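For reference, the structure discussed in these notes is given below.
For clarity, every value in this text was computed on a predicted model and none was experimentally measured.
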Amino acid sequence: MSRPELRTPRTPRLSRLSRPARANLIALPLLIVVGLVWIYPFLWIVAGAFKTQTGLFTGGASLMPDQWNFDNFRRAWVDAGFSRYFFNTILYAVVSTVIELFKSALCGYILARYEFPGRKFLHRMIIATLFVPVASIIIPQFVLVERLGLLNTQAGVILAMSGAAGALYVLLFIGFFSGVPSDFFDAAKLDGAGFLRTFRLVLPLAKPVIAVVVIFQFITNWNEFNIPLVFTLGQPDLQNLAVGMLSFKGEHSVDWTGFAAGMTLSVIPMLIVFVFFQSYFVRGLAGATKE
């Protein structure tokens with residue numbers, strides 16, 4: 001009598017996977033759910049920009065408009081004055097970002113490559129400004145801009161928006177410039193390059209850090225509300241998009257669909273900036289802080 005063959009039990013396919021792969025199978029659905037919950041309010045605002053006032057409140061959580069309404073964008077752009085606010089916001093965000101970039105890059109370069117009395121103290125003071133709320137310095141800024149005669153002007157708004165310490169950006173540039181080989185600076189010195197020329201030569205190497213600073217500062221300036229409101233009370237035409245959103249609020253009602261259209265228009269430039277610089281973003285944020 002032949003002996004029955006022994007069959008080894010088949011192991012489930014899931015157990016054949018490595019531990020990181022099994023962890024990914026659990027984490028991926030969870031992250032997808034969290035991502036959908038996170039992005040849903042933004043998608044609801046974009047969908048609301050194409051809805052009627054009645055459809056916005058009767059549609060509930062639905063993202064599909066029952067009736068497409070493009071008049072919301074016309075009201076936002078023409079009636080609410082977003083064409084004027086849009087230009088002001090671009091001017092404030094771009095110029096303030098350039099000033100902040102140059103200021104933080106130059107400060108980080110000096111602290112990373114030069115030894116001078118009080119260097120460590122200055123470094124610690126810059127770090128300490130990270131714990132100072134930006135809103136707490138708006139009164140000294142207001143007094144300074146007023147005494148300079150720049151109140152209710154575009155120059156005054158730009159000066160106030162670019163007047164923060166920018167400590168995080170300085171620290172990023174310090175970390176990057178500290179990692180540049182000293183041979184580069186020695187070669188520039190042998191070629192007769194002075195301080196500013198050496199700075200111009202080494203700055204293009206910091207593209208990842210520049211991308212981080214541009215994205216963070218541009219988004220911050222684009223969404224700034226307090227400074228454009230307080231510094232342009234006498235000239236409402238100089239306000240930006242964030243302050244211009246108040247145009248949709250009437251005495252007894254709010255134009256919610258026009259507000260949604262204005263929000264959608266205001267987000268587009270930030271997305272363009274992020275997409276343009278995103279190839280450098282992660283690399284700069286991770287590598288610039290290495291000593």
Side-chain angles (χ1 to χ4, degrees), residues 91-138 140-141 144 155 157-224 227 270 273-274 276-291:
L91 178 65
Y92 298 153
V94 171
V95 178
S96 299
T97 300
V98 172
I99 294 175
E100 187 65 42
L101 175 64
F102 178 78
K103 181 181 66 175
S104 58
L106 191 60
C107 184
Y109 172 72
I110 293 175
L111 290 175
R113 306 306 308 187
Y114 288 88
E115 294 287 346
F116 54 88
R119 173 180 173 273
K120 292 184 178 180
F121 176 76
L122 180 60
H123 191 181
R124 291 169 183 171
M125 290 297 296
I126 291 175
I127 295 176
T129 60
L130 288 170
F131 305 96
V132 178
V134 178
S136 65
I137 65 174
I138 193 171
Q141 286 181 322
L144 177 61
V157 176
I158 293 172
L159 179 63
M161 292 177 66
S162 59
L168 175 62
Y169 310 144
V170 174
L171 295 178
L172 290 176
F173 277 109
I174 290 175
F176 179 85
F177 289 131
S178 298
V180 177
S182 300
D183 296 341
F184 181 90
F185 299 95
D186 295 337
K189 185 181 295 185
L190 290 175
D191 290 340
F195 171 79
L196 290 178
R197 186 179 176 186
T198 304
F199 175 70
R200 290 203 311 266
L201 290 173
V202 75
L203 185 60
L205 300 177
K207 288 181 180 179
V209 185
I210 293 174
V212 173
V213 174
V214 169
I215 290 175
F216 280 0
Q217 189 63 24
F218 184 86
I219 293 177
T220 300
N221 291 338
W222 189 271
N223 294 323
E224 179 61 41
I227 290 177
M270 291 189 290
V273 170
F274 181 80
F276 186 77
F277 288 98
Q278 60 89 23
S279 59
Y280 300 100
F281 181 69
V282 176
R283 182 157 51 100
L285 194 60
T289 56
K290 293 181 180 178
E291 294 291 336

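- Shortest non-hydrogen contact noted between Phe199 and Ala105 is CE1-O, 3.7 Å.
- Between Pro140 and Ser136, the shortest heavy-atom distance links the atoms CD-O, 4.1 Å.
- The distance from the CE atom of Met161 to the OH atom of Tyr92 is 8.5 Å, given to the nearest 0.5 Å.
- Side chain to side chain, Tyr169 and Glu100 fail the donor-acceptor criterion of an N or O pair below 3.5 Å.
- In Tyr114, the OH atom is crowded: over 12 heavy atoms of neighbouring residues, nucleotides or ligands sit closer than 6.0 Å.
- Taking the side chain as every heavy atom from C-beta outward, Tyr109 and Leu203 never approach each other to under 4.5 Å.
- Nearest approach of Val157 to Ile227, heavy atoms of both residues: O-CG2, 4.1 Å.
- Residues Phe173 and Leu101 are in side-chain contact: their nearest non-hydrogen atoms beyond the backbone lie under 4.5 Å apart.
- Scanning all heavy atoms of the two residues, the minimum distance from Pro208 to Leu205 falls at CD-O, 4.0 Å.
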CA sep, side-chain torsions, deciding dist, call: Leu111, Phe116, side-chain contact (heavy atoms from CB on, under 4.5 Å): CA-CA 9 Å; Leu111 290 175; Phe116 54 88; 3.8 Å; yes
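- In the displayed structure, Arg119 atom CZ is contacted under 6.0 Å by more than 12 heavy atoms of other residues, nucleotides or ligands.
- The line from CD of Gln217 to CD1 of Ile219 is 10.5 Å long, rounded to the nearest 0.5 Å.
- With a 4.5 Å cut-off on side-chain heavy atoms, Leu106 and Phe195 count as touching.
- Atoms CD1 and CD1, from Ile215 and Ile210 in turn, are 12.0 Å apart once rounded to the nearest 0.5 Å.
- For the pair His123/Ile174, a side-chain contact is recorded, criterion being any heavy-atom separation below 4.5 Å from C-beta on.
- Atom OG1 of Thr198 is separated from atom CZ of Arg200 by 9.0 Å, given to the nearest 0.5 angstrom.
- Closest approach of Ser96 to Ile158, counting heavy atoms only: OG-O, 3.6 Å.
- Closest approach of Cys107 and Ile126 over heavy atoms only: SG-CD1, 3.8 Å.
- Checking side-chain atoms of Lys103 against main-chain N and O of Gly166 turns up no donor-acceptor pair under 3.5 Å.
- Atom OG of Ser104 is separated from atom CG of Leu168 by 9.5 Å, given to the nearest 0.5 angstrom.
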